[in-house]
Amino acid sequence: MSDESYDLVIAGSGSAGLAAAIIAHSLGMRAIVVEKTDLVGGTSCYSGGVIWVPNSRQNVASGVQDSVDRAERYLDSTISNSHEREARRVYLERGGEAVAYLEEKTGPLFYVRAINSPDYYPEADGAEIQGRAMTPITYDGRNLKERFRDLRSPLPELCLFGRQMLELMDVYHLLNARRSLRSAWHTGKLLLRDVKDRLFYRQYGRGTRLTGGNALVARLYKAALDRDIPVVRNTALVGLIKKDGVVCGVEVTQNGVKREILAKRGVVLATGGFPWSKDLREQFMGDTEFGYSATSPDSTGDGIAIAMQNGGQFDRKNSEGAFWTPVSVGTRADGSTARFPHLMADRAKPRLIAVNRLGQRFFNEAENYHDFVRAMHRELGNGDQQPVHLLCDAPYLKKYAFGAIPPLASERRRALRSGYLIEGRTVEELAHKIGVDPSRLKQTITAFNQDARKGVDAEFGKGSSAYNRYLGDATHGPNPCLGPIEKAPFYAIRVYAGDIGTAMGLAADEHSRVLDENGVAIPGLYACGNDRNSIMAGSYPSGGITIGPALVFAYLAVQHASRAQEN
Ligand SMILES: Cc1cc2nc3c(=O)[nH]c(=O)nc-3n(C[C@H](O)[C@H](O)[C@H](O)COP(=O)(O)OP(=O)(O)OC[C@H]3O[C@@H](n4cnc5c(N)ncnc54)[C@H](O)[C@@H]3O)c2cc1C
């Protein structure tokens with residue numbers, strides 16, 4: 001006998017789950033969100049919250065001359081795997097509408113940055129230099145009042161003083177505070193906000209100015225609370241209830257007690273994929289390393305495993321199993337483990353290279369994180385050439401962030417003490433410390449430095465694309481990504497093949513209905529976010545290609561459920 005009954009039961013309170021709940025409510029459905037942990041927001045709260053949605057209202061307003069066909073040409077020219085091509089077309093056709101619909105209900109969520117990230121392959125056919133990505137609008141966490149504490153905190157390594165969130169422009173101003181009055185003013189305001197938070201809002205234990213994925217989730221959570229949509233924490237989906245082949249409810253455990261919740265129009269799985277499921281990773285991505293995901297450790301593949309137990313098909317056709325990123329591992333002051341994703345801040349800057357165990361460069365360091373790790377995998381397959389280290393010199397460390405280390409002497413010293421940062425007074429000494437042949441490393445650096453002085457990386461083309469240069473140092477010339485590694489001491493950080501989420505998941509149709517082994521939709525069962533197979537088929541054409549589809553397919557799934565017959 002069931003305890004409760006709703007129209008839609010949603011498992012997971014990340015961006016996909018919360019968006020689904022708000023859309024369901026707007027369509028007159030009674031929805032409930034069950035969340036396994038005591039925190040709302042999952043990996044979405046760690047993220048930049050960027051969405052890649054061509055042809056959105058914001059993109060058109062910002063002057064991007066786009067069309068579905070042009071965006072499709074871009075995807076066709078950058079995604080060699082034709083799997084999910086139809087879903088990509090649906091995404092392009094309906095994406096703008098979905099985001100506009102959600103924003104109509106919640107108020108504005110996203111904006112286009114004045115200096116926006118180009119698509120990741122800006123030279124490809126159909127690419128957009130100004131980009132199609134949108135960024136969450138900054139949010140004041142205090143609007144959530146006491147419920148602010150429900151929100152998952154961001155990764156401290158991506159925050160000022162480990163607690164105050166930053167946007168890309170904030171980082172720019174922080175780095176230029178000593179050179180420009182405008183930047184000094186902006187930095188002053190950030191510092192003042194932090195002081196205020198510490199003095200007057202101590203109860204939250206964190207900064208209240210939210211950016212990126214935290215801002216997005218906070219806005220969605222507030223919209224859910226305002227509508228009295230139950231978002232029930234500490235309540236894990238553990239099973240599905242099926243009647244005559246139709247999914248009509250869920251089993252959950254709450255504080256160790258099992259109960260049932262009926263779902264008259266369907267169940268949406270949005271539990272965040274399987275980056276932390278050893279079993280599922282071994283089964284579907286067995287040749288990749290486990291334990292280096294920068295995602296929330298609660299993304300243990302529950303939704304996927306439960307769907308598979310109920311006949312759902314795991315889709316193996318994507319060319320990659322995860323959205324890859326190099327990750328370095330350190331220990332925080334409180335003893336917890338930090339897994340730092342090297343997404344954008346360091347690899348493209350001048351005076352930095354990446355080397356394998358032979359002391360050789362192996363790829364353009366300024367390329368996107370997904371392709372960088374694919375190159376690491378190629379290296380691994382090519383005679384076990386791990387470990388991989390990022391390497392730089394003293395002037396680099398004074399000017400730029402290096403992994404989790406901001407350009408501050410005190411942080412540098414702490415990182416050296418903890419072993420996260422490795423220092424050599426000479427290239428030879430550093431080579432010994434990182435287990436690389438010293439003469440090979442010297443050769444590599446000498447060759448790189450010659451190219452760096454000319455501003456052309458003949459070997460790997462660092463700084464050769466608009467995307468590379470966007471992430472470089474605009475004040476540095478002739479190439480914003482190239483500078484010689486020449487001033488001692490020299491430094492290294494070890495990086496691993498990590499990820500920011502899984503890219504394989506449940507096979508689903510254009511309504512995000514989960515398919516069975518015969519490719520037939522299981523009535524009443526939907527998968528969104530990273531529980532659904534990525535429509536990018538294992539490629540990473542731009543920032544925002546995971547949360548964009550998460551929101552859009554949540555919209556399409558709920559639209560479909562609202563039209564479904566009641567169970
Ligand atoms: C540092 C970083 C930056 C990133 N930046 C971006 C970006 O800018 N743009 C982008 O598109 N992507 C980005 N990503 C990737 C993106 O964050 C994820 O792909 C996305 O957040 C996944 O959303 P989701 O809703 O599927 O899952 P999540 O946000 O992880 O939410 C899933 C929720 O389900 C809960 N859950 C798990 N099991 C159960 C269960 N059994 N019952 C109930 N609840 C359960 C989890 O606790 C969690 O709260 C980034 C990732 C990282 C780590």
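Everything numeric here is computed off the predicted structure, so don't read it as measured data. Order of listing sets the numbers, starting from 1, for every ligand and every atom in it. Atoms considered below: every heavy atom in the structure, side chains included; atoms not considered: hydrogens, waters and symmetry mates.
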Under 3.5 Å: N/O of [X] near N/O of ligand 1:
X	result
G49	yes
N530	yes
T43	yes
A11	no
F323	no

By number and element, which atoms of ligand 1 are closer than 4.0 Å to a non-hydrogen atom of [X]?
X	answer
G48	3 (C), 4 (C), 5 (N), 6 (C), 7 (C), 8 (O)
D298	37 (C), 47 (O)
A270	32 (C), 33 (C), 34 (O)
I545	11 (O)
A236	42 (N)
G12	33 (C), 34 (O), 35 (C), 43 (C), 44 (N)
T37	47 (O)
G529	26 (O)

CA sep, side-chain torsions, deciding dist, call: K36, D298, salt bridge (charged side-chain N to carboxylate O under 4.0 Å, His left out):
CA-CA 8 Å; K36 175 166 74 171; D298 304 299; 5.3 Å; no

Just checking Y369 against H342, ring centres under 6.0 Å apart?
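That pair fails the under 6.0 Å test.
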
Enter the distance from D315:CG to N533:CG here, rounded to the nearest 0.5 Å.
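Output value for this atom pair is 3.5 Å.
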
Look only at the side chain of N368 and the backbone of D371, and say whether a donor-acceptor pair between them is shorter than 3.5 Å.
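Yes.
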
To the nearest 0.1 Å, how far is [atom] from its closest protein heavy atom, and which atom is that?
atom	answer
atom 35 (C) of ligand 1	E35 OE1, 3.3 Å
atom 16 (C) of ligand 1	T546 OG1, 3.4 Å
atom 1 (C) of ligand 1	Y46 O, 3.5 Å
atom 45 (C) of ligand 1	K36 CB, 3.5 Å
atom 9 (N) of ligand 1	V50 O, 2.9 Å
atom 17 (O) of ligand 1	S47 CB, 3.2 Å
atom 29 (O) of ligand 1	S44 OG, 2.6 Å
atom 11 (O) of ligand 1	I547 N, 2.7 Å

Search all heavy atoms of [X] against all heavy atoms of [Y] and return the closest pair with its distance.
X	Y	value
L556	E510	CD1-O, 3.7 Å
L216	G49	CD2-O, 4.2 Å
G403	Y420	CA-OH, 3.6 Å

Which is closest to atom 42 (N) of ligand 1 by heavy-atom distance: L237, V34, I306?
L237

Option whose closest heavy atom lies nearest to atom 38 (N) of ligand 1, chosen from V327, D302, L343
D302

Can [X] be said to touch ligand 1, with heavy atoms closer than 4.0 Å?
X	value
G14	yes
G544	yes
G41	yes
S13	yes
S296	no

Kindly determine whether R532 and L506 satisfy side-chain contact (heavy atoms from CB on, under 4.5 Å), including the steps that lead there.
CA-CA 5 Å; R532 187 202 194 285; L506 294 165; 5.8 Å; no

Parallel, tilted or perpendicular: rings of W276 and F290 (30°, 60°)
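F290 vs W276 ring planes: perpendicular.
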
Anything under 30° is parallel, anything over 60° is perpendicular, the rest tilted; go ahead and classify Y74 against W52.
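Judged by the thresholds at 30° and 60°, the geometry between Y74 and W52 is tilted.
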
Looking at Y6, does the NZ or CZ of R30 lie under 6.0 angstrom from its six-membered ring centre and within 45 degrees of the ring axis?
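Positive - R30 is close enough to the ring of Y6 and near enough to its axis.
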
Check whether NZ of the Lys or CZ of the Arg R149 lies under 6.0 Å from the centre of the six-membered ring of Y204 and within 45 degrees of that ring's axis.
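Pair R149/Y204 does not count as cation-pi.
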
Not counting sequence neighbours, which residues clear side-chain hydrogen bond (donor to acceptor under 3.5 Å, both in side chains) with Q130? List them please.
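Applying side-chain hydrogen bond (donor to acceptor under 3.5 Å, both in side chains) to Q130 gives none.
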
Under the criterion side-chain hydrogen bond (donor to acceptor under 3.5 Å, both in side chains), I'd like the reasoning laid out for R219 against T106: C-alpha separation, chi angles, the key distance, then a yes or no.
CA-CA 7 Å; R219 275 205 162 83; T106 59; over 6 Å; no

For residues Y221 and V231, determine if any side-chain heavy atom of one lies less than 4.5 Å from a side-chain heavy atom of the other.
yes

Would you call F274 and R281 a side-chain contact if the rule is heavy atoms closer than 4.5 Å?
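A side-chain contact under 4.5 Å exists here.
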
Should we say atom CD1 of I115 is surrounded by more than 12 heavy atoms from elsewhere, each under 6.0 Å from it?
no

What do we get for S15 next to ligand 1 when only non-hydrogen atoms under 4.0 Å count, side chain, backbone, both or neither?
both

